Structures are given as structure tokens and as C-alpha cells.
There are 2 protein chains.
Amino acid sequence: MSRPRGRPARGQGVTLEAILDAALALLDDGGEGALSMRALAARLGVTPMSLYHHVADRAALLAALAERIYGGVLAGDREDAPPQEALRALLLRYHEAVGRHPALTLSIFGEPAAFAGAAARITARLETLVSHLTPQVGLWRDILVDHAHGSGLALAAAHKDAAQGAALQARYAEALDLLLGQLSAAGP
Amino acid sequence: MSRPRGRPARGQGVTLEAILDAALALLDDGGEGALSMRALAARLGVTPMSLYHHVADRAALLAALAERIYGGVLAGDREDAPPQEALRALLLRYHEAVGRHPALTLSIFGEPAAFAGAAARITARLETLVSHLTPQVGLWRDILVDHAHGSGLALAAAHKDAAQGAALQARYAEALDLLLGQLSAAGP
DNA sequence: ACCTGAACACCGTTCAAGT
DNA sequence: ACCTGAACACCGTTCAAGT
């Protein structure tokens, strides 16, 4: 019944891709507590230990997931768009990523190192955009980032209720427009 | 070496007070992962199971901690202060509570039910205050709450670094003043 | 009422052994 | 290079037994 002990035939093993897919699936429909190395291995039909040939440990797994999800946020960036448009689009994409995988967001906040890479890149881009719109760069950068995180948290807490989730997404867009309006009113 | 099996002499047992104190201590200097029922029991010199005579389970323990810490946020409230002052003071107290026990905040966000009671009372009070200052009540309530949570999260992530923590607290106050200024400029 | 000890079904991770 | 099985040091929680 059990797999043979040695290295399996070519194509039988797990790939990092498959591990990340399965981990995200566990997180998405079981919540934060559903992602354990053992449950993940079971879902992949493999022993827990074989995962450690692809990721260093659980923290590294979360880091890889963060990179996959939040790394894409900067991808849709258009260099030529006016700063306010670009800023708005960036924050909406970020917030949407948070909303699509709320349990990942919660896990990541508990493991800040996992998120450091993507967060730094997103923040850097955001800071550049803000600097085109107001001299109070640090202040507005913090406001926009903190507000996005707080709203993302509310989204994560409401993740069982899809209707409420959609309402929160809409509310975020509304709040963001208000903030951006005031940011540009503060003017350069 | 081990305690006798039956009920101990009067005053030998654990109290809920002592459990909450110890739990907070574990959280504060060990972070989110340091609070386990077993570690908590060990710190109190008791078997894990005796804790279950005082709290239903781990979630209930977190709820009791949330009530202790966040319940106090409304205590300093002065009914007669002008709404903007009261709003500012409320948010600073809330943010400070978050900052004083960052690991609790992180744990609570992962267990939203634990926080429901205190959060609802704080939000209700905040909403009343906001309604005195602007017609856009829901929008500004969300902005202020989400911003406070997001900033609290940053505080939690930086909790090893006390100097950075202080800087973040100061930044929050600055951002809050800016937001409140714009809130009142939007006017009733 | 409140404690104990043993037990159950879990964790993450290391190590040695296999191919 | 990549997998397995056994092991270690943990979890939360239930249950029966003690006083």
C-alpha cells in the first residue's frame, strides 16, 4: 500500500509548484489553521518529510506563497500612467490580492519576515508615486499602507461571508478615493 | 516531587487573574507562538488540564485577554469633551493598547470572535463621535478603524525593536491628526 | 469545585536509510 | 536528488480518578 522507499520514478515526485498550489488551496478553504506540513503532505500523497526537499521549513513555505501572491501586485504596473492613477491601481491590486487569499494574509502577518521582500518592493513603488503628489511622503505612505492592511485584515476576518467580503472591497475603493483626493488636495 | 492528586489546600490553586497575567507575560516576551496551554500551565506550576477549570479552551482564554486589554480603552472616556478631542483620545488609547501587547493583537486577529465584544463597543463609541463631525459616518469610521489596525500591525511586526516602536507610535499620532483635520474640514 | 495523570490525535523538524 | 520511516519534543483537549 505504501510507496517504495527510495527515489520514485521520474515524474512521480512533488514539485514546488504543486506544493504551493496545494498549500494555497488548504489555506483558502480551511483557514489559517488548515495549513500544516503534515496535512499538506497528505493532500499531495507524500510523507511530510519529502516537503523539506523543496522548502527549508514552514516559514520558507509561507515566504514562497507571499512571493507568488504579492509579487504579482507590481506586475500590472504601467510606467506611463499619471501618478494618481497608478497609485490608485496599485493599492486596489494589493488590496484585491489580500482579499483573494485572506488566510494567507493572516499567516503572513504572523510571520513578517515572509513578507519582507514583496512588501519592500511594493512600498518602494508606492513611495515613488506618492512623492509625485505631495511633499509629505512618509506620512502619506504610512497612511495608505496601514489603511490597506487594516482593511485587508477586516476582509480576512470576514472571509467566510462572501457577500460581506464584496461590500468591504467596495468600501475600500470608496475610502481610497477619498484619501487620494485629499492627498492631491494637499498638493505638491 | 509532584503535587498531591486531589484538590489542593485553599489558596494553593490557580485563579483566572493569575492565568491571564501569566498568559500576557508569555505573549509579551515570547511572541505569538509562546502562548500554549502547556507552557502557560508550566509557568503557573500546574498541569495543563487544571487551566480548563477556569477557561473553556484556548479561544476563550484569548477572548478574556482581549476583554482585559481592549475593554479598558473605553474607560478613560470623558463624556463632556468635544467630539474631535474625544475621538482623538479614543484612537490614541486604542492604538496604544495595541502597541503595548502586539502579540496579543496578532493572536486576536487570527481569532476574530475573541475580539468581537470589545471591538463592537469601541466601534459604536467611535461611530457616535464621528457622526458629530461628518455626514460620511460609515466611510470615516472604516478609515479610522482600518488605519488604526494597520498601524497596530506594523507595531506588532516591529515589536522586538523598542526604538522603532516608539517612532511608529509617533507617526501614528501624526497621521491621525492629519486625518482628523481632513475629517472636520469635510464638515457636518 | 478543583486538581491530577494518562491518553488521543495532532504538530514541525531531524536523522538515517533507501534508490 | 529525492523519497521513506522512525523518532523527538512538542501541541490542545477529553476522560476518569482523586480529595
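Predicted, not measured: the structure shown is a model, and the values here were computed from it. Note on naming: letters A, B, ... go to the chains in the order of the sequence lines (proteins, then strands), and numbering restarts at 1 for each one.
Nearest-nucleotide positions on DNA chain D for B/D57 and B/H53 put B/D57 closer to the 5' end. With the nearest nucleotide of DNA chain D identified for both A/P48 and B/Y52, A/P48 has the one nearer the 5' end. Each of A/A39 and A/A56 was assigned the nucleotide of DNA chain C with the nearest heavy atom; the assignment lying further toward the 5' end belongs to A/A39.
Between A/V14 and A/H53, the closest side-chain pair of non-hydrogen atoms is not below 4.5 Å. Looking at heavy atoms from C-beta onward, B/T15 lies out of side-chain contact with B/H54 at the 4.5 angstrom threshold. A/H147 places none of its side-chain heavy atoms less than 4.5 Å from the side chain of A/L91.
Ring geometry for A/H149 versus A/Y94: interplanar angle over 60°, hence perpendicular rather than tilted (30 to 60°). A/F115 and A/F109 have perpendicular rings, their planes meeting at more than 60° on a 0 to 90° scale where under 30° would count as parallel.
For the pair A/L26 CG and C/dC11 P, the interatomic distance rounds to 10 Å; values are reported in whole Å. Across the protein-nucleic acid pair, A/L44 atom CG and D/dC3 atom P stand 10 Å apart, rounded to whole Å. Atom CE in A/M37 sits roughly 18 Å away from atom P in C/dC10 (whole-Å rounding). Distance, A/L62 CG to C/dC11 P: 15 Å, rounded to whole Å. To the nearest angstrom, C1' of D/dG5 lies 15 Å from CG of A/L51.
Helical stems in DNA chain D, defined as runs of 3 or more consecutive Watson-Crick or G-U wobble pairs with donor-acceptor distances under 3.5 Å: C:4-8 with D:12-16, C:12-16 with D:4-8.
Within the structure, ring pair (Phe, Tyr, Trp, His ring centres under 6.0 Å) pairs that include any residue of residues 22-45 of chain B do not occur (at least two apart or interchain).
Backbone-only contact: B/R58 has heavy atoms under 4.0 Å from sugar-phosphate atoms and none from a base. A/M49 comes within contact range of at least one nucleobase, with a heavy-atom separation under 4.0 Å.
Comparing C/dG5, C/dT13, D/dT4 by their nearest atom to the side chain of A/R38 picks out C/dT13.
Listed pair A/H54 / D/dC3 meets the phosphate criterion, a side-chain N or O lying under 4.0 Å from OP1 or OP2. Phosphate contact (OP1/OP2 of C/dC3, side-chain N/O of B/T47, threshold under 4.0 Å): absent. Dashed line: the shortest gap from a side-chain N or O of B/S50 to OP1 or OP2 of C/dT4 is under 4.0 Å.
When only modelled atom types and interatomic distance are considered, A/Y70 and A/T105 share a side-chain donor-acceptor pair under 3.5 Å.
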